[in-house]
**Student:** 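Quick one: this structure, given as C-alpha cells, is what I'll be asking you about.
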4 protein chains.
Amino acid sequence: MSFAITADFIASGNTALLAAHEDDYAALGRQLERRGIAIEKLVARAMGYSVAVPTWGVGTGGTRFARFPGPGEPRHIHDKLEDCGVIHQLTRVTDNVSPHFPWDFVSDYNALRQEAAQFSLGFDAVNSNTFQDQKDQKLSYKYGSLAHADKATRQQAVEHNLKCIEIGQKLGSRALTVWIADGTNFPGQQNLSRMFENYLDAASQIYALLPRDWLIFLEHKMYEPAFYSTVISDWGSNLLAAQQLGPKARCLVDLGHHAPNTNIEQIVARLIHAGKLAGFHFNDSKYGDDDLDSGAIDPFRLFLVFNELVDAEMRKAKDFAPAYMIDQSHNVTDPIESLISSAIEIQRAYVQASLIDREALAAAQDSNDVMGAHKMLKQAFITDVSPILAEARRRKQGPLDPLKAYRASGYRAQKTAERPPVAGNSSGIV
Amino acid sequence: MSFAITADFIASGNTALLAAHEDDYAALGRQLERRGIAIEKLVARAMGYSVAVPTWGVGTGGTRFARFPGPGEPRHIHDKLEDCGVIHQLTRVTDNVSPHFPWDFVSDYNALRQEAAQFSLGFDAVNSNTFQDQKDQKLSYKYGSLAHADKATRQQAVEHNLKCIEIGQKLGSRALTVWIADGTNFPGQQNLSRMFENYLDAASQIYALLPRDWLIFLEHKMYEPAFYSTVISDWGSNLLAAQQLGPKARCLVDLGHHAPNTNIEQIVARLIHAGKLAGFHFNDSKYGDDDLDSGAIDPFRLFLVFNELVDAEMRKAKDFAPAYMIDQSHNVTDPIESLISSAIEIQRAYVQASLIDREALAAAQDSNDVMGAHKMLKQAFITDVSPILAEARRRKQGPLDPLKAYRASGYRAQKTAERPPVAGNSSGIV
Amino acid sequence: MSFAITADFIASGNTALLAAHEDDYAALGRQLERRGIAIEKLVARAMGYSVAVPTWGVGTGGTRFARFPGPGEPRHIHDKLEDCGVIHQLTRVTDNVSPHFPWDFVSDYNALRQEAAQFSLGFDAVNSNTFQDQKDQKLSYKYGSLAHADKATRQQAVEHNLKCIEIGQKLGSRALTVWIADGTNFPGQQNLSRMFENYLDAASQIYALLPRDWLIFLEHKMYEPAFYSTVISDWGSNLLAAQQLGPKARCLVDLGHHAPNTNIEQIVARLIHAGKLAGFHFNDSKYGDDDLDSGAIDPFRLFLVFNELVDAEMRKAKDFAPAYMIDQSHNVTDPIESLISSAIEIQRAYVQASLIDREALAAAQDSNDVMGAHKMLKQAFITDVSPILAEARRRKQGPLDPLKAYRASGYRAQKTAERPPVAGNSSGIV
Amino acid sequence: MSFAITADFIASGNTALLAAHEDDYAALGRQLERRGIAIEKLVARAMGYSVAVPTWGVGTGGTRFARFPGPGEPRHIHDKLEDCGVIHQLTRVTDNVSPHFPWDFVSDYNALRQEAAQFSLGFDAVNSNTFQDQKDQKLSYKYGSLAHADKATRQQAVEHNLKCIEIGQKLGSRALTVWIADGTNFPGQQNLSRMFENYLDAASQIYALLPRDWLIFLEHKMYEPAFYSTVISDWGSNLLAAQQLGPKARCLVDLGHHAPNTNIEQIVARLIHAGKLAGFHFNDSKYGDDDLDSGAIDPFRLFLVFNELVDAEMRKAKDFAPAYMIDQSHNVTDPIESLISSAIEIQRAYVQASLIDREALAAAQDSNDVMGAHKMLKQAFITDVSPILAEARRRKQGPLDPLKAYRASGYRAQKTAERPPVAGNSSGIV
C-alpha cells in the first residue's frame, strides 16, 4: 500500500509550534486592530482562497539543454494526483488540478475523477497540446498547429482540442486553455496577418463547439518557442482574438510571457476593464519565460497583480471571475516543495492586497497625495501576514509550517522507494 | 530678403553627378529586369510616396539633462516653415508639416496656410500638448491631463484639444494626434482602471466634436515621462481606447514607444487586421524612447514595417490609409540634415518593400519553404535602391544628392546670419 | 527667522505612538528570539547605518518634456542644506550630503561647512558636472567632455573636476564622483575605442592629482542621455577604466543605469570580488533610468543587493568600504517626503539582510538544499523590521513615524512662505 | 557509395548565371571606383575570409518543448563532416569545423582528422560539455559543474575539459571553448561570490594544463539555462575571469548572450582594447538566446560588429586575432541551407565593413561631423556587395548562387535515402 501523510502527523507537528504561532498571531491581531483591520476577516479570506496546480508541475522540468530528474518522479497521472494531493493536504489552498493532454491520457476518466476526489481534488481547466508531435500523429506541428498554413493540419489541431473538451467534461472541468507554439523563426517565413487569420479560423471552430457553460482561455506568449514571432504574442493580440471569438473567450495572463519591463498589473487592469480576464498562470521570472517559483524573484509584482484583483473584486467589476493556476518549471527543487511554497506565496499576496483600505486609498488618489497613496500599498506589502496564512491552514487541519511538515514526513523518500525509475525522459521536457 | 536655395543651384549640382547616376540607374534597371521587376514602376512609386515633417523637428532637441542649440535655430513657426520647405525642396517627399500647439500658435491661420503653400507645404495632423504647463494656464498638468483625477483639469485638456481642431480646420488638417504624458510614478499613485476611465471619458468628449471628415490618432508610449505606468502604455490599451471611442479613432505607432524586443511589425499587422492603424511617428531607437534618426539603428526593422504596409496596400486591406510622419529629436546634428536623411531612409524602405513578389512569397509561405520565403525579403533589403530614389527626386526637379546639395547651398550659414539667437530655451526641449 | 522642527515636537509626537510601538517591538523581539536573533543587536546595526542625500534631490525633478515645481522649492545650497537637515532630523540616517558643482558653488566653503554642521550634516563625495554647458563656458560639451575628440575640451573638463576636488577638500569630502554624459547618438559618430582612450587619458589626469586620502568614483550608465552609445556604459567598461587608473579608482553602482533584466546584485558581488566597489547611487526603476524612489518598484532587488553587502561585510571582504548615496528624481512628490521614505527603505533592506544566519545559509548552499537556502532569504525579507527602525530612530531622538511627523510639522508650508518663487527654471531640470 | 556534389555540377550551374554576374560585378566595380575603392582588393579580402561551422549545427535543433527533426539528419560525426564539407564546398568560407564532446567522440582521432581533410576541413576550437549528464557519469551536473559547490564534481568537470584538449591536440585544434550552464534558479541558492571563486579555481586547473600554443575561450551567457543567475553572465565577469587566469584566456562573444538593448559592438571594442577578444559565436536573436541565423534579424548590428573588427585589423590592435565561428540552432530550416546562408551573411558584413575609408571616417569624427561620419557607415552598409562575394566563390571554384546550387544538387534527398532515421532523439536537443 502506498505511503500517505496522516492527519495525526500534521496535528502532532502543529502542537510543537502552537505557542509560538499563537503569540505571533495575537501580536499581528493587535497591530491590525490598531490599523482598523479585523484579523478574523482576513483569516476567512485566506481560507476561501484557492489556486490550481498543474499536473505536469510535479515532474522535474528542464531547459533545452538538459533535464536532471529527481528521485521518486511521478510516472503517470496517478502518481501525479498523489503528489498533488499532498500539496493540497499541506497547503489547503490547492483543491484543483489542471490536466494536460495527451500527457494525462487514461482510458477511464470517470475513474480518474473519483481517484482525484479521494485526494480532495477536482479538475480545473484542461490544457491541450499542439506544440509537440505525438507518436502516430498524422500531420506534424513543426510549422504550426492552429495557425498552420495547411488547413488539414489546423483541422487536426482543432480536433485535438475538441477531444480535450470531451475529456474535460467527464472530469468536471469548465474551461479549455489553449496555448500554441505557433510562430515563425524568420522574418518572411509566414505572412503575419494570414497566420493570425488562420488561427482565428481554427479557434472559432473550437469555440463553436464549446459546451454551454464552458469558457476558452487563450494564452499569449512573447517568444519561446517560436523565435521571431508568435501568433498570440501579447495581450493585444490575445484581446483581438478573444473579441472576435465571442463572450466565452477570455485572455489568460502568464506572468512570464511578456516583454522586458512590461507593467503586468496594468494589463490585468485593462483586461478586467474589457471583461476579458480569464485568469492566471502564476510563476516568476527574471530574464525570459523562466517559469520560476511564484514570488521568488519579484514578490512586489505579484502583490501588485493581486492589488488589481482585490480592487476589482471589491468594486464588483463586471464579468470578473478569474481562474488561478500555477504554471512553473521546477528544475532544481523537489517539485512538491516548490508548489507548496508557491501556493502560499500566491495566497500571501492575496491576503496582503486584502489589507488595503480601498476607500482611504481612493481618497488619497483623488487628492493626488502620491506618497500617501503609495505608502498604503507598501504598508500592506511589508506586513508579515504569515500568522494569518498559518491560522487559515490550521483551521482546515493543515500544518502550521507546510515545508517543515513535508520534509519531516519522509514522503519523497517513500515515493522514491515505491516508484521505480522510468527509462529515458518519458515524462518529457517541459 | 531671406536666403533661399534656387532651382538653378539644384540643377547645376545634378549636372555634375548625372553620368554616374545614369550608370548606376541603368545597371540596377538591368538587374531588376532579370529579377522580373520594371524599374520604372518603382520610380513611379517612389515619386508617389510622402511623409510629413513635424514643425518642432527643425529645432535642436535635448535630454532631461541638457540641450545644446545649434546655429541658426528657427525662432518661430515662420522660420520652421522655411526650414521644412528646404527639406521638401531637397527630398521631394515631405510636402506636409505636422504642427504642434501651443508651440505654433499664431494670430492668423489663413495667412499661415498661405505662407506654407509658398513652400509647397500643406498641413498634416495637428498635435495637441497637455504634457506641459503653459504660462497663465489655470490648472496644472503635473498629475495628468485627459486622465487627471480632477474633472475640471480633464475639461481644460479637452478644450485645448478642441481648440487644436479648430485651428487645424483653418490649416486644412484632417486629423488630431493626441499624445498625453499622463501616468504615475509610484504603484498606488492612481487607480489604474479609474485613470483609464477618466481618459476615455475625456477623449470621448473630443471625439464627439470631431469634424465629420476628421480622424483622431491616439498615441501610446510605454514609459517616458510617467515612470511607473502610463495610461496608454501599449497598443493593447490604445486599441481598447480606439474601439470604445468609435470608427474615427485610430492607433498611432511611434517606433520608439514599445517595450524592449517588441516585434513592432507584427503590431502593425494586428492594427491593420483590426482596421485601426492610424499611421506612424517614424524614428529609431536603441534603448528607450531615443527619438533617433529613422533607419539609423535598425534599418531592417524599418523595412519589415514597410513590408507589412506594402502587403496591406497590395491586398487592399480594409480601412487601410496610414498617415506617415517623422517624429525625432535631433540633439547633435543639423536638424535639417537629419530630416532630409530620415525622409529618404523611410522612402528607401518603402521602395525596397515594393520589390517583393507577393505571389511568389505567398507560395513559399504556403509550402513552408522557410529559407526561400525569408530570402525574398532579404533580397529586397540588400538591393541598393538609391538610384531609384535619386531618379524620383531628379524627375521632380530635386537634387540627386540632397545632403551634398544642402551643404553646398550654405543655407545654415545664411540662416545663422539672418536669425539672431533667442534668449533662453524659447523653442523648448522636445 | 527661519522655521525649524523642534526636538519637543518630535518627542511629543512619539508619546502618542509609544504604546503601540512597544507592543510591536516586543512581539518582534520574541519572534526573533525564537529564530535565534537578538533584536538589540539589530537595533544597534540600524543605528550605525548611514546613507548620504544629494543636495539636488531636494528640488523637484522633471522629464525632458516638463518640470512641475512644487511649493517652497529650495532656491540655493543654503535652502537645500536646511531641507537636508530636516531629512536627517527625521530619519537619523542621513548625516551626509553629496554636493554638486557648479550647482552648489558659493564663495566661502568653510562657511558652508559650518552651516552644514549646524544641521549635523557633513559632506560626502563631490559630484562634478560636465554634461551641461554653463554660462560663460569657453568650450561646449555638446559632443562630449572627458571623452571629447578635442583635447582642449577634455582639458577644460579635467580642470572642472580638479576644481571640484579643491572645493571638496574644504568641505571635508574624501571622494570625487565622475559621471559623464559622453557618448554618441549615431553609429559611426565616434570611434568607440578612441573615445574610450580619450576618456582614460583625461581621467588619468584627474586621478594623478587626487589628494592622498581620496578616491575617485566612476559611474557607468547604459544610455541616457547619449543614445546610441555611452563611453562608460556598463560595469565592464567601468571596471576596465578603474583598473587602468589605479587603486584609488572604483566603480559606482547606480541601480537605474543597467540594461533590462540585469542581475544587479551579482554585479555588486563581482565588484566586491575585484576590490573595486565604490558604492551606490540608490533609486529604483521600472523601465529605464527612471530615478524613482528606492524600494518603490522592486524592494526585493534592493534587499538582494544588501544581501551581498552584508555578506561581504561579514566575511570581511578585502577593500570593502562602500559609500552609500541616494540619487533620485522627485517629480510628483514633496522631495523631502521621498528622501525620508527612501532613506528608511534602504535602512530596512540593510536590517533585513542582517537577519540572515550566514552559517546556516552556507550549509544549505553547500548541500544544494535549494529551497532551504532560498527560504532563508525570503524569511528575512518578509520579516517586518519596522519596529527595529523605529526604535533606532527613537533612541537617537528621532520620530517613530517620520512621514507623519513631517506632515504634522507644517515645514513645507512654512518654507513656501519663507521662500519666494524663483523666476524660470533656475534650479535646473535634473 | 555516398552521394557527393561534383565540381562539374557547380561549374555548369555557374555558366548559366555568368553573364548576369559579370554585368552586376562590372557595374559595382565602376561605382566603387567612383567612390575610390578598388573592387579587386575587396574580392581578395572576401577570398581570405573564413568562419568555422559547429559540428552540431548540421542537426536540427529544438526548444525546451519540442524538436522536429528533418529528413536525412546526420547520425554521427561522420555524417556531420560530410554535411560540413558541402557547406564549405558551396560557400568556400567555412574550411574549419568546431567539434563538441562527448557528442563527437570517436575511437580514432587521427582517422577523423584525415576524414575531415578529405572534405578540405580542419578543426577549430574544441567545445567541452559539462551542462548535460552523460550515461555512466559519476557525479551529476544538476547543480553545476566547474562552479559546483562540491570539489569532486568540479574535478570531474576539469578532467572532461582536459580530455577535450587531448582530443583537440590530435585533431589539430589550438583552442578550448568553455561554456558552462552553471548558475542558480533562486536568489540564495548559492553564494554568488563563492560560486565565482569555485569556477576560477577549477578553470585555473584547466588553464595550467593548456598546451603551450593553445588558448582558452571563456563564453558568457546572460541566462539560459540557469535562470536567476549564471556564473559567467556578462562580459564583465568574463573579463575578470580571463584576467585572473592569464594571457592565454580570452573572452568569446556570442551575439545572443546579452541583456536586451546591449550595444554588442561596443563590448567588442572594449575587449579589443583589453587585448582579450577570443572571437565569436555568430547568430542572431530577437528576444533571448534565440540562436537564429546570422543576419536574419538585425543585419546592421552584424555589420557594426564587423566595423569594429575591421577597424582593429586596420590599426593593428595588439593581441587582435579573433576566431570566427557560427553557433546557431536550426529548428525549421534545412541546417545546411541555414549554415550556407549564415556564412555568406557574415562574409557580407566583413566585406561591407571593408568598404569604409578609415581615414576619412576619422577626420569626420574628429571634426564632429556627426551626419557625415554616420553616412560613411550607412553608405557601406547599403552597398550590395553580393557580386564581390559571388566572384570570390567563383574564383575558388564555388557556385555563384550557393543556395540554388544546393537545392539543385539533390543532396538532401540523397542523404535522406542514405541515412536511415535514428530511433529517439539521439542527436540531442541543442
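In what follows, every chain begins at residue 1, and chains take the letters A, B, ... in the order their sequences are listed.
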**Student:** With chain D as the partner, which of C/N307, C/V231, C/L239 has the greatest number of non-hydrogen pairs under 4.5 Å?
**Tutor:** C/V231

**Student:** Is D/N261 close to chain C through its backbone or its side chain, or both, or neither, when contacts mean heavy atoms under 4.5 Å?
**Tutor:** both

**Student:** Below 4.5 Å from any heavy atom of chain D, which atoms of C/L377 appear? Answer side chain, backbone, both or neither.
**Tutor:**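 The side chain, not the backbone.
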
**Student:** To the nearest 0.5 angstrom, please state how far the CG atom of D/N191 sits from the CZ atom of C/R358.
**Tutor:** 8.0 Å

**Student:** In terms of heavy-atom proximity below 4.5 Å to chain D, should C/H273 be classed as side chain, backbone, both, or neither?
**Tutor:**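 Just its side chain gets close to chain D.
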
**Student:** Any side-chain heavy atom of C/N185 within less than 4.5 Å of one from D/V370?
**Tutor:**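 Side-chain contact under 4.5 Å: no.
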
**Student:** Check each atom of C/A364 against the heavy atoms of chain D and say whether the ones under 4.5 Å are side chain, backbone, both or neither.
**Tutor:** neither

**Student:** Tell me, do D/Q266 and C/T184 make a side-chain contact under 4.5 Å, heavy atoms counted?
**Tutor:** no

**Student:** Specify which of C/A149, C/A274, C/S237 makes the most heavy-atom pairs with chain D at under 4.5 Å.
**Tutor:**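 Ranked by heavy-atom pairs under 4.5 Å with chain D, first place is C/S237.
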
**Student:** If I measure from the heavy atoms of chain C, does D/A362 come under 4.5 Å with its side chain, its backbone, both, or neither?
**Tutor:** both

**Student:** Non-hydrogen atoms of chain C under 4.5 Å away: do they reach the side chain of D/E265, the backbone, both or neither?
**Tutor:** both

**Student:** What distance separates D/S367 OG from C/D150 CG, expressed to the nearest 0.5 Å?
**Tutor:**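 So the gap between those two atoms works out to 11.0 Å.
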
**Student:** Examine whether an atom of C/I272 lies under 4.5 Å from a heavy atom of chain D, and if so say whether it belongs to the side chain, the backbone or both; otherwise answer neither.
**Tutor:**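 Interface part for C/I272: neither.
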
**Student:** Work out which heavy atom in C/S193 is nearest to a heavy atom in D/A269; give both atom names and the distance.
**Tutor:**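 Taking C/S193 first and D/A269 second, the nearest heavy atoms are OG-CB, 3.7 Å.
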
**Student:** Which bit of D/L192 is near chain C, if near means a heavy-atom gap under 4.5 Å: side chain, backbone, both or neither?
**Tutor:** both

**Student:** Could you check C/Y223 against D/N263 for side-chain contact (heavy atoms from CB on, under 4.5 Å), going step by step and ending with a plain yes or no?
**Tutor:** CA-CA 10 Å; C/Y223 68 100; D/N263 188 322; over 6 Å; no

**Student:** If we ignore angles and hydrogens, is there a donor and acceptor under 3.5 Å between the side chains of C/N368 and D/Q190?
**Tutor:**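 Present: a donor and an acceptor within the cut-off.
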
**Student:** C/L240, C/I356, C/T262: which one forms the most heavy-atom pairs within less than 4.5 Å of chain D?
**Tutor:** C/L240

**Student:** OH/D/Y143 to CG/C/D366 distance, rounded to the nearest 0.5 angstrom?
**Tutor:**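 The OH atom of D/Y143 sits 14.0 Å away from the CG atom of C/D366.
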
**Student:** Would you say the side chain of D/I267 lies within less than 4.5 Å of the side chain of C/D234, judging by non-hydrogen atoms?
**Tutor:** yes

**Student:** Against chain D, work out which of C/Q189, C/H148, C/R270 has the most heavy-atom pairs shorter than 4.5 Å and name it.
**Tutor:**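 Heavy-atom pairs under 4.5 Å are most numerous for C/R270.
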
**Student:** Between D/P187 and C/F300, is any pair of side-chain heavy atoms under 4.5 Å apart?
**Tutor:** yes

**Student:** Just so I know, are the side chains of C/M195 and D/Q365 near enough to count as touching, which here means a heavy-atom distance under 4.5 Å?
**Tutor:**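 In short, these two side chains do not touch, never coming nearer than 4.5 Å.
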
**Student:** May I ask you to decide whether D/R194 forms a salt bridge with C/D311, counting only side-chain N to carboxylate O separations under 4.0 Å?
**Tutor:** no

**Student:** Chain D heavy atoms under 4.5 Å from C/N238: which part of the residue, side chain, backbone, both or neither?
**Tutor:** neither

**Student:** Based on non-hydrogen pairs under 4.5 Å, which of D/A259, D/P260, D/G144 is most in contact with chain C?
**Tutor:**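 Top option by heavy-atom pairs under 4.5 Å: D/P260.
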
